[in-house]
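Working notes, beginning with the structure itself.
All ligand and atom numbering here is 1-based and tracks the order in the structure. Count residues from 1 along the sequence.
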Amino acid sequence: SPAHLPEPEGGLKCLIPEGAVCRGELLGSGCFGVVHRGLWTLPNGKTVPVAVKSLRVGPEGPMGTELGDFLREVSVMMNLEHPHVLRLHGLVLGQPLQMVMELAPLGSLHARLTASAPTPPLPVSLLCLFLRQLAGAMAYLGSRGLVHRDLATRNLLLASPRTIKVADFGLVRPLGGTRGRYVMGGPRPIPYAWCAPESLRHGAFSSASDVWMFGVTLWEMFSRGEEPWAGVPPYLILQRLEDRARLPRPPVCSRALYSLALRCWAPHPADRPSFSHLEGLLQE
Ligand code: AMP
């Protein structure tokens, strides 16, 4: 029901009539919905290629947490505007609810990193460009008082061969209070191998825990999309991290970049660089 929509700061970006969007091929599926390629017909008759995320609906309607996450993602995205943040065009108040987003025609960075031959590996200079784009987008999110909480190459989309966009805002939360962190209210699935120790131990997330995840994302990029801590049971990851174990330097990652990742993995959140500092360091 529209009455359940959250009140966003800037009002709805665009309410799109159900008939104006037609869905095509399936692009992927996430925690609370499926994503299709689509075509959006504007009132002037022009068509725009889009991605359409539909809320998954069970036999008894949408699940409470999934609906909440879906609406939270909409209300976060409608207030964001950045060249490296995926754009939300609008919402279809139909059955099911649908988010109409900018299409990233080349899919996820993770899929590109793990593509097998004859697709060539991405050059290091391009990975460094992506890291700068990512640090810029994350500095922007932090400036809007948000933590992403799910930074990983699977959530970076390729809008063009040299442009990534941060996507998947289902786990985004506002940074509360003076301490600038968000503490989880109860047990929810979180991406263990990407998480900072304070997130695993206390459910605490902040811009500094996003910086930790940026370090893991950097590691994924230089490891051709390998899974971090593969083979280590989730309950042992925190113990390893607290014993100061860190993901190893991937062979194609320079020592300078790896030392940057190690700074992102400082045990104390306050010792990690900020995203704007990282942007400058990456520029150098
Ligand atoms: P999500 O539910 O946001 O995790 O999306 C699930 C999958 O759908 C992603 O891993 C992508 O492969 C694909 N996808 C999501 N959004 C888009 C988009 N805007 N353009 C192209 N593919 C997308």
Query - Side chains of L281 and R263 in contact at under 4.5 Å (non-hydrogen atoms) - result: yes
**Report entry** atom 21 (C) of ligand 1 protein-contacted (non-hydrogen atom, under 4.0 angstrom)
**Finding:** yes
Requested in this report: Describe, in one word, how the ring planes of Y258 and W265 are oriented to each other, choosing from parallel (under 30°), tilted (30 to 60°) and perpendicular (over 60°).
Outcome: perpendicular
Query - N or O pair under 3.5 Å between E73 and ligand 1 - result: no
Query - Nearest neighbour in protein (non-hydrogen) for atom 12 (O) of ligand 1 - result: L27 O, 3.9 Å
Report task. Around atom 4 (O) of ligand 1, find the nearest protein heavy atom and jot down its residue, atom name and distance. Result -> D168 OD2, 2.8 Å
Requested in this report: Rounded to the nearest 0.5 Å, what's the gap from CG on L157 to NE2 on H84? Could you check?
Outcome: 13.5 Å
Report task. Write out the residue and atom name of the closest protein heavy atom to atom 19 (N) of ligand 1, then the distance separating them to 0.1 Å. Result -> E102 O, 2.8 Å
Requested in this report: Enter the distance from D69:CG to L171:CG here, rounded to the nearest 0.5 Å.
Outcome: 6.5 Å
Report task. If you have a sec, work out which protein heavy atom is nearest atom 10 (O) of ligand 1 and how many Å separate them, to one decimal? Result -> R154 O, 3.9 Å
Requested in this report: Mark yes or no for whether E220, through its side chain, and T153, through its backbone, hold a donor-acceptor pair below 3.5 Å.
Outcome: yes
Report summary line: Of all protein heavy atoms, the one nearest atom 17 (C) of ligand 1 is L157 CD1, 3.4 Å
Report task. Report yes or no: does K53 have a heavy atom closer than 4.0 Å to ligand 1? Result -> yes
Query raised in the report: Can a cation-pi geometry be assigned to R149 and W194, taking NZ or CZ under 6.0 Å from the six-membered ring centre and within 45° of the ring axis?
Result: no
Requested in this report: Determine the interplanar angle of the W40 and H89 rings, folded into 0 to 90°, and report it as parallel if under 30°, tilted if 30 to 60°, perpendicular if over 60°.
Outcome: tilted
**Report entry** Atom of S207, atom of L175 and distance for their closest heavy-atom approach
**Finding:** OG-CD1, 3.8 Å
**Report entry** Selection from A51, G107, S108 by shortest heavy-atom distance to atom 18 (C) of ligand 1
**Finding:** A51
Query raised in the report: Would you say A104 has any N or O atom under 3.5 Å from an N or O of ligand 1, going by distance alone?
Result: yes
Query raised in the report: For atom 7 (C) of ligand 1, which protein heavy atom lies nearest, and how many Å away is it?
Result: G28 CA, 3.8 Å
**Report entry** Min heavy-atom dist A167 to ligand 1 below 4.0 Å
**Finding:** no
**Report entry** Flag for R56-S29: side-chain donor and acceptor within less than 3.5 Å
**Finding:** no
Report summary line: In this structure, atom 14 (N) of ligand 1 is nearest to the protein heavy atom V35 CG1, 3.8 Å
